[in-house]
Each structure stands twice: as structure tokens, then as C-alpha cells.
*Asks:* 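Structure provided below as C-alpha cells; questions to follow.
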Amino acid sequence: MRDHGGTGVPVVLLHGGGGRTRHDWDHLVPLLPEFRVVAYTFRPGPWNWQQALADLADVIRHFDLDRPAVVGHSLGGMLAALWAAEHPECPLAVNLDGHTNPTGPVLRGFVDEQVRLSEDPDLGALIAAFDELDLIATYRATRCPLLVVSSLRPEAGMLLPEEVGVAFARYRKEFGDQLAAAAADTPLLSLHETDTGHDVHFEAAEEVADLIRRATGTRP
């Protein structure tokens with residue numbers, strides 16, 4: 001865990017999965033001088049949403065943060081959305097391009113095969129945790145302002161076999177339609193698209209910092 005200091009609105013940064021750590025945010029922290037920024041690394045082992053939420057609560061208590069904003073990338077973004085559904089006192093939650101497992105037989109078969117081939121012993125548990133999460137329902141249930149940022153250039157679509165790539169593009173379109181419908185009737189939910197790949201916080205750090213400032217009403 002690291003408290004980067006500052007006296008402004010507290011912000012907790014949540015990294016993505018796949019071996020990422022709190023250091024994912026080192027380049028973004030200097031762009032947020034108006035905030036008190038805290039980042040931590042998720043506990044190792046099989047992923048569990050309730051344990052992850054409890055760990056986030058422990059970090060907030062440890063640093064005595066008063067109603068922090070929560071900003072996450074990928075896996076951390078989904079965790080931020082879950083936090084938003086349980087914490088109306090949160091001033092802002094941000095999900096940077098965090099999406100659940102694709103659906104449909106072609107995509108599901110591909111995902112299951114990747115799990116079988118993987119050398120990561122925790123990947124199966126992570127995929128199972130994604131399956132448990134209805135992200136659209138989570139967005140609709142938000143109890144605080146929630147910003148969902150989606151990338152327009154998913155790298156995965158360029159690396160997939162042709163049949164899987166077509167199914168993935170169809171899935172993204174369907175998910176985008178569901179997301180737009182959720183935002184249309186959920187006043188606390190807002191959407192933003194960015195012309196980047198999945199690593200939004202690396203490719204568009206200034207844009208992400210500005211989104212956080214604007215959403216919290218903080219001036220540079």
C-alpha cells in the first residue's frame with residue numbers, strides 16, 4: 001500500500017489483473033496533485049469479489065480516508081463498480097475499460113480453452129468470478145456517481161482467430177447497446193469513450209486525470 005500524499009479529495013486507485021500491481025498508477029499520480037492518492041496491490045491467490053471489497057474497505061480505514069473516490073482499471077474497474085453499488089457516500093467511482101466474460105458458444109469455448117492452456121493456477125477462479133458478476137445490473141444498481149470509460153480499439157479483437165473475432169465484435173456491439181440502455185435510465189451512470197486500447201490509463205493518462213477532475217468538480 002502507498003499513500004502518495006496530498007490534502008485534496010481522497011482517491012483510491014485499483015489496478016487490473018494479470019500480474020498488475022499498484023505501480024500501474026505511478027505515472028498517473030503526478031497528474032493528480034489536487035487529490036490525496038492511495039494505491040495498493042491486490043492480495044494474491046484466487047479472486048473473490050467479497051474479499052476484494054473487504055480489502056478495499058480495510059485500505060480506506062487504514063489510511064483514515066473520508067469518502068474517497070474509487071478509480072479502477074479492468075479488474076479494478078469492475079471492483080469500483082461493485083463498490084459504487086454499496087456505498088452511496090462515495091463521491092465518484094470510475095471503471096476504466098473493465099468488462100466481464102464474453103458470452104456465446106464460440107467465445108465461451110475460446111475462453112475455456114485459454115484457461116486450459118494457461119499456466120496461471122488462479123485464472124480459472126478469476127473467470128468463474130467474472131461469470132458471477134452481472135455488470136449491467138451492477139451499473140443499474142449504482143448508488144453514487146459512476147463513470148464507465150470504454151476503449152474504442154480493443155487489442156483482443158486483432159489477435160483472435162477469424163470466427164472468434166467476428167463473435168467478439170458482435171458481443172462488443174451487444175454489450176455496448178446494453179450499456180447505453182442502462183445509462184439512459186440510470187441518472188448516476190455516465191459513459192465516456194476514448195480512442196485507446198485496453199490500457200486507457202497508460203495511453204491517455206492526461207485524459208483520465210481530467211475526467212477524474214471534472215467528475216469530482218476539482219480544479220487543477
Side-chain angles (χ1 to χ4, degrees), residues 1-17 20-22 24-25 28-29 32 34-43 46-100 126 129-150 178-179 181-192 200-201 208-218:
M1 295 186 292
R2 182 173 178 187
D3 183 351
H4 291 270
T7 59
V9 174
V11 177
V12 181
L13 301 177
L14 309 172
H15 63 78
R20 299 290 180 90
T21 71
R22 66 177 176 81
D24 249 29
W25 302 104
L28 182 67
V29 172
L32 299 172
E34 314 87 350
F35 298 88
R36 178 185 176 188
V37 180
V38 168
Y40 70 100
T41 299
F42 299 148
R43 71 168 64 211
W47 185 258
N48 177 285
W49 293 115
Q50 291 308 310
Q51 183 63 66
L53 287 168
D55 288 347
L56 173 53
D58 285 345
V59 169
I60 290 171
R61 282 192 293 269
H62 176 81
F63 290 109
D64 194 26
L65 303 179
D66 181 23
R67 292 169 295 172
V70 179
V71 178
H73 169 248
S74 196
L75 176 64
M78 290 183 274
L79 182 60
L82 282 169
W83 182 264
E86 297 184 4
H87 292 272
E89 78 284 358
C90 181
L92 172 69
V94 180
N95 177 356
L96 299 172
D97 212 45
H99 304 298
T100 50
L126 180 61
F130 282 9
D131 285 339
E132 294 172 5
L133 181 60
D134 185 335
L135 200 53
I136 296 296
T138 300
Y139 291 157
R140 289 182 179 276
T142 189
R143 301 176 68 194
C144 78
L146 171 61
L147 172 63
V148 176
V149 179
S150 298
Q178 294 173 23
L179 182 56
D185 57 22
T186 307
L188 288 171
L189 174 62
S190 56
L191 309 179
H192 179 81
V200 179
H201 58 323
V208 169
D210 187 55
L211 285 170
I212 295 170
R213 280 192 289 268
R214 283 192 281 133
T216 57
T218 303

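All figures in this text were calculated on a predicted structure; none of them were measured in a lab.
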*Asks:* Nearest 0.5 Å please: distance from the CG atom of D97 over to the CE atom of M78.
*Replies:*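 The CG atom of D97 sits 10.0 Å away from the CE atom of M78.
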
*Asks:* Check D185 against P187 and note the closest heavy-atom contact, atom names and distance.
*Replies:*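 Heavy atoms of D185 and P187 come nearest at O-CD, 3.7 Å.
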
*Asks:* At their closest point, which heavy atom of L75 faces which heavy atom of G17, and how far apart are they?
*Replies:*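 Shortest heavy-atom separation between L75 and G17 comes out as CB-N, 3.7 Å.
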
*Asks:* Among all residues two or more places apart in sequence or in another chain, which pass the side-chain hydrogen bond (donor to acceptor under 3.5 Å, both in side chains) test with Q178?
*Replies:*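 Partners of Q178 by the side-chain hydrogen bond (donor to acceptor under 3.5 Å, both in side chains) criterion come out as none, since no residue qualifies.
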
*Asks:* Hey, what do you get for CD (Q51) to CG (L53), rounding to the nearest 0.5 Å?
*Replies:*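 With rounding to 0.5 Å, CD (Q51) is 9.5 Å from CG (L53).
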
*Asks:* Quick check for you: to the nearest 0.5 Å, what is the distance between L211 atom CG and L96 atom CG?
*Replies:*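 Rounded to the nearest 0.5 Å, the CG-CG separation comes to 8.0 Å.
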
*Asks:* Flag the pair D55 / V59 as yes when at least one side-chain heavy-atom distance between them is below 4.5 Å, and no otherwise.
*Replies:*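 Heavy-atom side-chain distance check fails, nothing below 4.5 Å.
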
*Asks:* I need the minimum non-hydrogen distance between I60 and P68, along with the two atoms involved.
*Replies:*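 Closest heavy-atom pair between I60 and P68: CD1-CG, 3.7 Å.
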
*Asks:* If you look at every heavy atom in L135 and G98, which pair is closest and at what distance?
*Replies:*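 Minimum heavy-atom separation between L135 and G98: CD2-O, 3.4 Å.
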
*Asks:* Hey, is the main chain of R22 close enough, under 3.5 Å, to the side chain of T41 for a donor-acceptor pair?
*Replies:*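 It does hold such a pair.
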
*Asks:* How would you list, by chain and number, every residue that makes a ring pair (Phe, Tyr, Trp, His ring centres under 6.0 Å) with F42, sequence neighbours excluded?
*Replies:*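 Checked F42 against ring pair (Phe, Tyr, Trp, His ring centres under 6.0 Å); matches are H15, Y40, W47.
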
*Asks:* When rounded to the nearest 0.5 angstrom, what distance separates NE2 in H73 from CG in L79?
*Replies:*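 If we round to the nearest 0.5 Å, H73:NE2 and L79:CG are 14.0 Å apart.
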
*Asks:* Can you check side chain to side chain donor-acceptor pair (under 3.5 Å) on D24 and H201, steps first, answer last?
*Replies:* CA-CA 9 Å; D24 249 29; H201 58 323; 3.1 Å; yes

*Asks:* Just how far is it from atom OH of Y139 to atom OG1 of T186, taken to the nearest 0.5 Å?
*Replies:*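 Between atom OH of Y139 and atom OG1 of T186 there are 11.5 Å.
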
*Asks:* A side-chain contact here means heavy atoms from C-beta on lying under 4.5 Å apart; do I212 and F35 qualify?
*Replies:*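 Counting from C-beta outward, I212 and F35 do come under 4.5 Å.
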
*Asks:* So do the side chains of M1 and V38 get within less than 4.5 Å of each other, counting heavy atoms only?
*Replies:*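 M1 vs V38: side chains apart.
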
*Asks:* Please determine whether side-chain contact (heavy atoms from CB on, under 4.5 Å) holds for the pair L13 and V29, giving the CA-CA distance in whole Å, both sets of side-chain angles, and the decisive distance to 0.1 Å.
*Replies:* CA-CA 9 Å; L13 301 177; V29 172; 4.3 Å; yes

*Asks:* Check A137 against D134 and note the closest heavy-atom contact, atom names and distance.
*Replies:*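 Nearest pair, atom of A137 first, then D134: N-OD1, 3.1 Å.
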
*Asks:* Check T142 against L189 and note the closest heavy-atom contact, atom names and distance.
*Replies:*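 Result for this residue pair: CG2-N, 4.5 Å.
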
*Asks:* Could you check whether any side-chain N or O of T216 sits under 3.5 Å from a backbone N or O of R213, counting only pairs where one atom can act as donor and the other as acceptor?
*Replies:*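 Between the backbone of R213 and the side chain of T216 there is a qualifying donor-acceptor contact (under 3.5 Å).
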
*Asks:* Check residues 82-92 and write down every donor-acceptor pair under 3.5 Å in which the side-chain atom is one partner and the other belongs to a residue at least two apart or another chain.
*Replies:*
unit_1, atom_1, unit_2, atom_2, d
H87, ND1, E89, OE2, 2.9

*Asks:* Rounded at 0.5 Å granularity, tell me how far CG in L146 sits from CZ in R140.
*Replies:*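 Atom-to-atom, L146:CG and R140:CZ are 13.0 Å apart.
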
*Asks:* Indicate yes or no: at least one non-hydrogen side-chain atom of W25 is less than 4.5 angstrom from one of H4.
*Replies:*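 Answer no - side chains too far apart.
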
